[in-house]
Protein chains: 4
Amino acid sequence: MENQVRVGILGVTGYAGVELARIISSHPNAKLTYIVSHSYVGQKLSEVYPHLQNVVDLTCEELDVKTAQQRCDVVFTALPHGASKEVIPALYEAGVKIIDLSGDFRYNDIRVYEQWYHQEHTAPELLEKSVYGLPELHRAEIKKADLIGNPGCYTTCSILGLAPLLSAKICDTKNIIIDAKSGVSGAGRGLGIDYHFCECTENMKAYKLATHRHTSEIEQELSLVAGETIMLSFSPHLVPMKRGIFATSYANLNKSISHQEVVSLYQEFYKGEPFVRIYESGLPESNHVAGSNFVDIGFCIDERLNRIIIVSAIDNLFKGAAGQAVQNMNLLFGLEETAGISAAGYYL
Amino acid sequence: MENQVRVGILGVTGYAGVELARIISSHPNAKLTYIVSHSYVGQKLSEVYPHLQNVVDLTCEELDVKTAQQRCDVVFTALPHGASKEVIPALYEAGVKIIDLSGDFRYNDIRVYEQWYHQEHTAPELLEKSVYGLPELHRAEIKKADLIGNPGCYTTCSILGLAPLLSAKICDTKNIIIDAKSGVSGAGRGLGIDYHFCECTENMKAYKLATHRHTSEIEQELSLVAGETIMLSFSPHLVPMKRGIFATSYANLNKSISHQEVVSLYQEFYKGEPFVRIYESGLPESNHVAGSNFVDIGFCIDERLNRIIIVSAIDNLFKGAAGQAVQNMNLLFGLEETAGISAAGYYL
Amino acid sequence: MENQVRVGILGVTGYAGVELARIISSHPNAKLTYIVSHSYVGQKLSEVYPHLQNVVDLTCEELDVKTAQQRCDVVFTALPHGASKEVIPALYEAGVKIIDLSGDFRYNDIRVYEQWYHQEHTAPELLEKSVYGLPELHRAEIKKADLIGNPGCYTTCSILGLAPLLSAKICDTKNIIIDAKSGVSGAGRGLGIDYHFCECTENMKAYKLATHRHTSEIEQELSLVAGETIMLSFSPHLVPMKRGIFATSYANLNKSISHQEVVSLYQEFYKGEPFVRIYESGLPESNHVAGSNFVDIGFCIDERLNRIIIVSAIDNLFKGAAGQAVQNMNLLFGLEETAGISAAGYYL
Amino acid sequence: MENQVRVGILGVTGYAGVELARIISSHPNAKLTYIVSHSYVGQKLSEVYPHLQNVVDLTCEELDVKTAQQRCDVVFTALPHGASKEVIPALYEAGVKIIDLSGDFRYNDIRVYEQWYHQEHTAPELLEKSVYGLPELHRAEIKKADLIGNPGCYTTCSILGLAPLLSAKICDTKNIIIDAKSGVSGAGRGLGIDYHFCECTENMKAYKLATHRHTSEIEQELSLVAGETIMLSFSPHLVPMKRGIFATSYANLNKSISHQEVVSLYQEFYKGEPFVRIYESGLPESNHVAGSNFVDIGFCIDERLNRIIIVSAIDNLFKGAAGQAVQNMNLLFGLEETAGISAAGYYL
């Protein structure tokens with residue numbers, strides 16, 4: 001238990017925050033030392049989330065940079081949108097490693113951020129230093145980073161599904177469509193009539209078509225992989241389940257290629273990746289990954305139309321948020337990359 | 001279309017309110033003339049609830065007693081708790097028939113109300129004039145009433161399940177237990193973390209054990225039927241479905257009685273009732289009644305323990321609120337009792 | 001009650017069959033006279049589906065063409081795949097009007113049927129006489145038909161969502177993608193591990209990508225509308241809800257067009273249609289149509305990519321099966337087209 | 001990795017079996033060496049359950065006692081009802097430790113088994129040697145056992161909720177009622193119309209009232225604790241969720257006792273128990289325990305009626321089956337009792 005990474009979580013009572021607390025609670029090389037929740041100061045986390053009774057018995061505290069500096073080697077910031085921009089520069093100054101789960105530090109180009117978030121970025125110098133925390137594409141930089149912008153849930157699922165295809169330059173880059181479906185926990189714990197049980201259950205809908213912020217993240221990363229500017233359709237949908245991101249991506253092939261060749265191409269691209277599972281046959285379903293850090297990817301080639309359909313699935317709270325954040329922490333501190341996040345999901 | 005009952009709904013954008021609007025929209029002898037929603041004044045109801053597009057195209061208005069008086073023969077008040085007490089006396093004065101869906105006018109004894117609702121009743125003289133709107137027990141009074149206290153959802157299901165048993169005096173009246181389960185729409189459309197999709201789905205819980213207000217309504221009505229003071233356990237639970245009240249009621253028999261005798265006793269008690277269905281075998285399930293005004297009742301006699309278990313089910317928004325309110329309206333205006341509410345539920 | 005259309009349902013215990021029985025039970029101009037279920041001969045339908053107690057009290061019978069001929073003006077065939085081909089020719093001979101809910105009589109070209117269904121068609125001469133039962137496109141022929149091939153659920157939703165666009169020739173016809181999502185009742189009542197509650201709830205998946213039979217139906221009808229051969233991607237998904245088809249369709253625009261122009265174009269195309277609702281703003285959700293015969297259509301124009309995204313939604317058992325079948329019956333017998341199917345859905 | 005307990009699972013493709021495989025896959029002191037599934041011989045478990053890809057890559061084999069003897073220190077038998085009776089005697093002879101998840105080895109009195117299971121017991125001599133695997137009541141015997149009858153899901157939840165009360169002799173033992181609610185996975189992976197998604201979702205029901213086999217198990221264990229014969233009502237219900245057992249138990253108090261005294265009594269009874277969590281205030285919900293080995297217990301004292309209501313919750317697949325089986329394995333092999341099963345559940 002010596003030499004364990006000391007972990008702080010800011011915004012611990014949100015869904016990503018509590019998933020982080022749960023994962024850290026059984027991580028072999030890390031321990032939780034500081035949990036912050038503005039709304040629940042003085043209450044035990046296990047009073048807010050009773051499943052953590054006898055497992056995480058820490059009490060929520062106010063945010064204090066000094067305390068974070070003294071008690072933590074790394075801080076995960078899972079704050080409501082906007083709140084992280086205030087505290088992150090101070091933590092950075094204090095020398096604490098930061099893994100930020102907001103959108104604020106995911107961009108290479110500040111103009112893209114400001115265009116899609118409709119606000120000024122208040123820490124442009126930190127944005128430059130931050131690293132995009134998608135290990136499958138940026139592992140080397142992550143290991144040396146001080147500030148990691150942990151990717152969004154839709155983003156992780158979409159990018160990993162399409163990167164090998166674009167890297168291989170075997171599709172038309174002008175007609176890419178990602179039709180994505182999310183469980184409701186992706187919207188967080190905040191209240192809103194759209195997330196009322198009676199409005200969600202037995203219902204589904206599309207939202208923010210053509211305008212969802214994650215579009216810009218996906219385009220940024222796929223442009224890097226493709227070596228050209230990628231612009232694509234990204235269409236989010238809400239489906240009545242708690243967890244899960246499911247992306248159905250479409251692209252027109254620019255050459256004839258067999259199913260097996262696509263499988264091999266993806267297997268090669270993701271060789272050695274501990275969390276990517278390529279389907280030789282069949283297709284992922286959201287409960288194949290629920291509760292785990294895996295991303296599952298499968299394929300259908302429509303020979304009639306010379307079009308490929310790629311199906312990818314992740315757990316939005318795990319590989320799409322808390323699990324990936326821990327994967328980044330593991331890389332940052334030289335731990336086994338899979339430590340604490342290697343278990344299978346729960347399926348049922 | 002002449003001589004149709006002109007209907008107003010106060011609180012039309014709540015779940016009971018919109019269910020009323022839906023039922024009235026296809027009622028052969030009633031038409032909607034006035035809909036009130038403080039939060040949505042100036043908006044069409046079909047903007048708030050798009051399923052009503054092309055079906056109900058009225059616009060939500062502010063509450064105004066004069067308007068109600070001019071446009072309505074009857075007003076359903078489905079207001080947030082407390083709000084109805086202000087407006088109902090004024091409507092009553094104005095000579096409008098009132099069917100109130102709150103708890104305010106359901107009591108014979110003001111002290112019971114004040115004890116369980118922890119507040120003073122502000123219209124005690126109206127409480128005296130009001131009639132408890134459970135047609136199966138109070139049909140004659142309902143027909144002549146000016147103000148009807150429409151029963152609660154748990155209440156309707158529980159009372160109708162137990163009334164014949166208590167009327168027949170064949171059980172110990174000291175050990176009655178009602179273990180009741182409700183879908184989430186019973187809690188209304190208001191926001192609360194307890195009704196967030198992610199907290200409800202795949203979850204169940206008990207709440208307000210031994211203290212739920214509907215206990216007092218059930219005891220009032222069953223005491224009348226039994227001819228003695230009944231005190232019982234009423235335990236509400238929340239289960240992850242939209243609609244439905246399901247009550248499992250327990251009583252110790254004071255004599256030996258066969259399953260068939262119980263069936264006959266119930267059939268006799270509810271003879272001619274259009275909405276009560278007695279199961280000769282098998283048991284009700286909540287989707288047997290979802291979307292309909294039926295109350296289904298089945299039985300199990302545990303001979304080993306000489307105990308009877310009664311299972312009753314209703315749709316909380318229909319027979320437990322809006323449908324029963326329309327049944328009361330039909331009685332009040334001399335219409336066919338089943339008009340507009342006779343259809344089967346939707347099962348799927 | 002005189003002159004009511006006498007209705008038979010073959011396959012009454014399947015989900016489409018029982019929905020037909022429910023709709024007919026409250027239809028003002030039709031009555032159920034003959035219900036057939038091979039598996040439940042001699043049982044009341046209300047024993048199999050207790051929500052129909054006191055509403056439909058007919059008993060399931062064996063199939064007999066003579067009986068159908070004597071008792072029925074029209075027969076709905078909602079039989080398991082393949083079974084309808086045997087009985088329909090005999091019924092046709094006997095002069096009974098037939099509305100078939102299988103895929104067998106939906107095709108103009110027998111080769112298309114045989115290619116997508118991988119079997120020979122056994123009644124090619126009837127196939128020629130049959131009419132495709134989509135009133136919005138084939139109303140005139142339906143009125144004179146003797147045999148109607150009632151469209152599939154995915155099909156109805158997809159065709160109606162895209163027809164005006166293709167009719168107006170304002171999009172590239174080579175890059176049309178329909179990403180469709182269905183509730184589980186679309187798979188019927190048959191048992192299969194894929195439809196086990198524990199495998200469906202909190203799970204979603206894609207299936208039959210590029211090979212689903214409804215693709216051919218959609219292409220047939222859209223080709224007619226477009227005046228050219230349309231080939232497109234149709235991708236079905238299963239989402240954890242009972243009812244609902246939700247289609248997100250993509251096409252590249254070949255000219256610049258505003259949102260309002262698209263709305264007008266659709267409003268014009270569907271002028272006078274009682275069941276099509278065009279959204280001037282906002283988007284359909286599956287619970288806007290659940291329990292009703294409406295098809296709701298909304299739009300998003302992605303100006304960045306000059307692409308249109310069309311969202312359409314229906315209830316798969318209603319407008320996608322039983323409701324549309326009744327709409328066809330109404331047309332066939334000169335009844336009000338909306339008779340028995342005009343009510344709003346239930347939303348909750 | 002030396003000295004790991006070698007584990008076999010018979011019936012690995014059922015829901016309890018695959019949950020066992022998942023738990024063992026991350027158990028620090030055990031490894032899976034033999035998995036048997038009659039229906040899937042030759043297939044990888046991860047083909048049947050893709051969430052286990054890269055985690056459990058064993059192939060399902062036919063049952064062979066020799067193989068079990070050679071490869072396993074312990075075998076979990078999670079076979080369809082009846083199948084275990086054949087194989088268990090042979091395994092027992094071969095000296096393999098057995099933890100049986102069926103009902104066959106849970107009884108002290110063969111007559112009780114035969115009365116509730118309506119069949120002869122075929123291995124009465126083994127029944128005598130078997131130990132009831134509820135660690136909180138039988139830890140000492142479990143440690144020395146060769147054959148453990150792992151308790152049922154309803155049973156575990158009910159017994160642990162009531163044992164301290166009966167041990168303290170503070171209630172009337174003639175009026176105990178357990179109203180229990182279960183998620184659908186309790187019914188296993190077998191097909192049946194009752195477990196079809198469309199029949200389960202948005203629906204709930206009671207079943208096997210007064211006749212469910214688990215009644216006899218509960219009565220056996222509570223009689224031991226109480227020191228007198230206990231007979232009680234046990235009422236199972238099916239609610240639309242995957243996992244979870246939720247029991248609401250009622251008993252009349254024979255003395256006045258405060259809430260805090262009850263809490264203390266339970267805390268004392270379960271002192272040192274790693275998996276029992278007593279609620280000082282509030283009540284358990286099923287998602288407090290989902291995915292974990294915890295049993296949560298809370299209380300409501302109804303002073304008006306001098307009645308106690310006890311709410312207890314477990315995960316039926318975990319503490320109600322696989323997790324408890326692993327807890328028994330840990331005890332059997334002298335491992336840390338919480339090894340491999342100490343993590344918090346997933347809540348969301």
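What you see below is based on every heavy atom in this structure, not just the backbone, and it leaves out hydrogens, waters and symmetry mates.
- Residue B:Y195 holds its OH atom at 15.0 Å from CD of A:E199, rounded to the nearest 0.5 Å.
- Counting heavy-atom pairs closer than 4.5 Å to chain A, the top-ranked of the candidates B:G192, B:G190, B:C200, B:C198 is B:C198.
- Side-chain N or O atoms of A:H196 include none that pairs as donor or acceptor with a backbone N or O of B:S185 at under 3.5 Å.
- Within 6.0 Å of NE2 on A:H212 lie more than 12 heavy atoms contributed by other residues, nucleotides or ligands.
- Note: B:F197 and A:F197 have parallel aromatic rings, judged against thresholds of 30 and 60 degrees for the angle between ring planes.
- Top candidate by heavy-atom pairs under 4.5 Å with chain A, chosen from B:M241, B:R243, B:E202, is B:M241.
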